[in-house]
Amino acid sequence: MKSSARRVLALAKWEVLRGTGRGNRASTLGISLLIILLLGFMALFITQGFSMSFTLYSVAASTHRFDEVFEVDSRFHVQHLDEQLALQKLNSGDVDIVVTDQKIHFNDKNSKSLAALSALEEVSRTYREQFFHNIVRQNFDETFRFLPIWVKVDYKQVSEGLQLIQPQLSSMGDIEPSFEFETAQNAGQQAIIDSRGERSRAHIPFEDLGVEQDADRLSALDSDGEEVLPPSEIAPQMEFPSVVQGVLLLAPAIFLSQAYGNSLMGERVGRKAELIFASPLSKYEIILGKTLPYFLLALLATVGISSVQGLFQIVDSASLGSIVLITMTVVPAALMYFAFSLVAVLMANSFREMTVIAVFAQTILTVYLIAPAALPVIFPMSLISPLTATTQVFAGNILTASQYLLSTVPFTLSAITIFILASSLFSEEALFVHRKILGRTLEGIDTLTTSPNVVFLLSAATVVFAITAQLAILSFIIILQPPGAVFLLVISFAAVSEILKSVGPYVMISRGKVKRSYREGFKLALYSGVGFFLAEKALLFVMVSSMIPYISPSAIPGVLGLLILPLIVHVSGATISSLGLVKTRGARYLVIVALATIFHASYNLVLIFSLIPGV
Amino acid sequence: MAAMKRYLALVRLEIGGIRSQKIMVLAVFVQLVMLLASSSLTVGFSSAYGGDLRVVEGKSVVVDGVSDVADRLSELLKSKGLIVVPSDYLGMIGSVDVQITVFSGSLDRDEPIEIDVSLPQSTYTPALLRILRSSLEELQEDARQIRGGLDVVNPPPRVVLSDSAAFNAMEKQIIFETTYMMLVPIVLLLPLIISGGLVLDSISEEKESKTLHLLQATPLSLFEIIGVKMLFYMVAGIIQAGVWVVLLQIISVELSNIGWMILLLASLSVFFVLIGGLLSLTMPNKAMAQLAYTLLSTLFILVWFILPSSPVSVIVALAVKSQAISYIATAAMLLIIIPTVFYVILVSSRRIH
């Protein structure tokens, strides 16, 4: 073990020295400057906020009442015309809305016109409220004349589709007031009216309050330190800025995984890897030694970026604890970027192919990470993306241990599985022989599946991909809400698991590693089905545990008692594939898997329609 | 004529290289994934934050509190289609979707009206929140009116829409703005960025595998070799972008000023291919060239999304037929940068022996 660690570290050190000597001074300086510029720009964008200043809508105004409103929003291009001409232009489609003294004219058949109307409503509301906020800032005595209503919004997390357990309301007499305001005349404890981002926990009288003149938002704190807002400030939670901050943390992994891939590919193409194979290092040690420096550098950079974000008070607490937590949420995604890079290197036959495969895979990965995180309304389901956990920390929300596990375990296990699979391909013969991508993949699996017992482990290992893929499909279906969503969901879920379960038996049977007989086929099906079932239930337990408080306790025994059925279904589906493979070859494999999918999907549909009311 | 034949031979060589490695197929896949992802996000945002007013129909709310505020708020919520449950009857029903508690305050007294709102985190929460907000804003206007706040100042005008109109319009706004401010620029710029990456890849690979020297043994000069490669990828980028313009139209994303759009995309294609070419010639190896290109293109795109009068803002303005199109800044930028980069490439290519 010790000598193995030493060999790995020696290789890692060599990789670092090789990497630092690769470029000349000017190019290294140039790239460093670019990195600093990019990170600096992103940091500026995050701290200062940004608005895209695109002109989208054409407005014809016969009044000057809205001039000040239009000036603050670059989305509108305004021309002042008389009403008749303006309405003619609206009818001809030359303008999107017409603003007169008392009315706003729009074309309700035209989407752009409706969009312009909504944008005008939004900006005029904001501008009007800002007007009152400015009055209050100049004279706090007038606060409740112009901002009479203060609201605290509390979101309760419940899971849809399960029986909702609503908190019972107490009678009125038991309800405690949530906060207290005192007028300027009264001394004593006061809530603070402060600009956003500068919450002070100290209590000072109204007359001593100072508010930044350019603050764009007014809020107050109640006696519990919870934020209370005027109605105009109430908005659905949009996590996009936090998502962007999270993506910034992934930037080192994205860029360094590309450099890692280029380094490996360079050794493959130039056959320099032959020297490494001649060393006493095993293929796993080689992979680890080459990956370690890039991965550690990416982590270091991530810690650096989150420290800077803490410095700019982007994170609520700049403590070491929150930086560690943020880094912990980023590690699985970073690991996956490197895993994809490694796969791209091993699958490709040239630099060019590697670049495109890596970009393709990383694009899908990035989209998978961002999409759920950008939609907090599907929380906790959005925890399928580790970036959601990161945004929760940025947003100052509590991230429970089970939520962290839900967000990171599938990803981490998937990445480790990919590394192990890729390592099986890392041999001289595999690296230096030109082969098609699918051929290479099957070859890798072939190398791994040395006996039928391994099919058990292989199927178990594919569960993480199955669940990740299924949850990705679920999130897309929730977003897109296509017709027949339930059927689509059931069929796609079944297809994913049947395809993955059939991989081990396919390789074993098609490559002649077992006799083509029904007995051997059934044996492989048993290994595959049981392995998949056990791993699936273990992972699901981890995931569901975050939602247990919201499941009716009476349902749990019934669920446990039904576990025998999924086992039978998994083994049966794998059996259909395996036995079919015994007798067929080539493209008919897809037909076999389709049959297994139909079987599995039928079971799922029966289960859904019989157990879940209202579906 | 002979020179043209040589150039075409080089182009055929390039096409052969791409076809054998299925590069274009994978490049198109990347773009398809980006289009799908952008569309999904667009639909997701619009349904999550826009949506249909009907999702909140039948949702129940209890308004706790005895004052004119609670009464007025109940009235407003009822008028918006919510079922307002009197707090006395709550025991019979058991649960509600939204709980509102008015702790203190009255419409006509100069004191804060303190309200707690408790609602579930769910797919219909944004729609519910908008209904609640518009009710509270109307209540706020009532209070301002009664307290004399509107008599002493001249506030900016209010735009009041019915709830159904507001919901419908907001959904259109989210789809429109996400589509034209995000999806359209990304989809149209991506093939151009990829073209720059491909030319960098092509030239760097020739450099590192020393096949550039083999090509120089032909009657083609180094400048011609690099020039033909760049021209090939520029045209490929423009064709791809043109295909996307057509595809977007097919999926009902209408684009205006197609002619000007293609011209702008063509000049951006030249821009990215020249950047890719320049980096491949000046960087010591392919890895550094690729890294530099990734960083530069990311920086450009980020900056262009923020700056007014950037190529991205012009793409958006052209696409939506906005009348405020500032070609000048973009044209100036491209007219200065493109010849400069071209000149540097010329000089750099002469340095390669």
Side-chain angles (χ1 to χ4, degrees), chain A residues 23-24 27 31 34 38 50 52-56 58 65 77 111 114-115 117-121 124 127-128 131 144-146 148-158 160 166 169 172 175 177-178 181 231 234 236 259 262 350-353 355-356 359-360 363-364 367 375 377 476 479-480, chain B residues 21 23 26 29-30 33 37 40 43-44 48-49 64 90 95 101 103 110-118 120-123 125-126 129 133 136-137 140 143 147 149 155-157 159 161 169-170 172-173 176 181 201 205 283-284 287-288 292 295 299 305-306 308 313 316-317 320 322-324:
Chain A
N24 58 37
S27 53
I31 287 177
L34 275 175
L38 189 58
F50 86 105
M52 293 189 277
S53 47
F54 300 136
T55 305
L56 296 173
S58 288
R65 286 186 71 197
H77 175 252
S111 298
L114 286 165
L117 177 69
S118 177
L120 177 60
E121 192 269 335
S124 61
Y127 188 76
R128 184 183 166 91
F131 173 84
F144 305 126
R145 201 173 178 193
F146 299 107
I149 297 180
W150 292 84
V151 185
K152 183 166 91 169
V153 181
D154 201 15
Y155 297 96
K156 302 284 181 208
Q157 284 182 19
V158 291
E160 282 187 299
Q166 292 279 6
L169 291 172
M172 218 179 65
I175 298 170
S178 66
F181 259 110
I234 298 171
N262 283 325
S350 69
F351 260 111
R352 207 183 278 184
E353 226 174 59
T355 307
V356 183
V359 165
F360 173 58
T363 304
I364 293 178
V367 165
L375 294 171
V377 289
F476 275 115
I479 290 167
L480 294 173
Chain B
Q21 296 169 4
I23 304 286
L26 288 171
F29 262 126
V30 167
V33 166
S40 303
V43 171
Y49 302 111
D64 254 331
L90 188 60
S95 65
T101 311
F103 285 111
D110 191 20
E111 60 186 20
I113 298 170
E114 306 165 24
I115 300 176
D116 256 16
V117 173
S118 185
Q121 179 83 297
S122 169
T123 51
T125 304
L129 206 58
R133 185 181 68 188
L136 290 166
E137 282 176 338
Q140 180 171 249
R147 295 180 185 193
V159 173
L161 304 178
M170 184 166 208
K172 298 285 186 287
Q173 181 197 354
F176 183 83
M181 285 164 65
D201 211 64
E205 198 155 321
M283 285 287 171
M288 294 195 87
L295 291 168
L299 192 59
F305 262 97
I306 310 298
S313 69
V316 172
V320 302
S322 166
Q323 296 187 5

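Values below: every heavy atom of this structure, side chains too, minus hydrogens, waters and symmetry copies. Throughout, protein chains are lettered first and strands after them, A, B, ... in sequence-line order, and every chain is numbered starting at 1.
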Taking all non-hydrogen atoms of both residues into account, name the closest pair between [X] and [Y] and its distance.
X         : Y         : result
Val159(B) : Glu121(A) : O-CG, 3.8 Å
Ser118(A) : Met170(B) : OG-CA, 3.3 Å
Arg133(B) : Pro231(A) : CG-O, 3.2 Å
Ser124(A) : Pro157(B) : CB-O, 4.2 Å
Lys172(B) : Ser111(A) : CD-OG, 3.7 Å
Phe54(A)  : Phe305(B) : CZ-O, 3.6 Å

* What part of Phe131(A) is in contact with chain B, defined as an atom under 4.5 angstrom from a non-hydrogen atom: side chain, backbone, both or neither? -> side chain
* From CA spacing to verdict: side-chain contact (heavy atoms from CB on, under 4.5 Å), Leu56(A), Phe176(B) -> CA-CA 9 Å; Leu56(A) 296 173; Phe176(B) 183 83; 4.2 Å; yes
Can you tell me how far the [atom1] atom of [X] sits from the [atom2] atom of [Y], to the nearest 0.5 Å?
X         : Y         : atom1 : atom2 : answer
Trp150(A) : Gln140(B) : CH2   : CD    : 9.5 Å
Ile234(A) : Leu136(B) : CD1   : CG    : 5.0 Å
Ile149(A) : Ile115(B) : CD1   : CD1   : 5.0 Å

* **Arg147(B) side-chain N/O to Phe144(A) backbone N/O, donor-acceptor pair under 3.5 Å** => yes
* Asked: Is chain A contacted by the side chain of Leu299(B), its backbone, both, or neither, given a heavy-atom distance below 4.5 Å?
  -> both
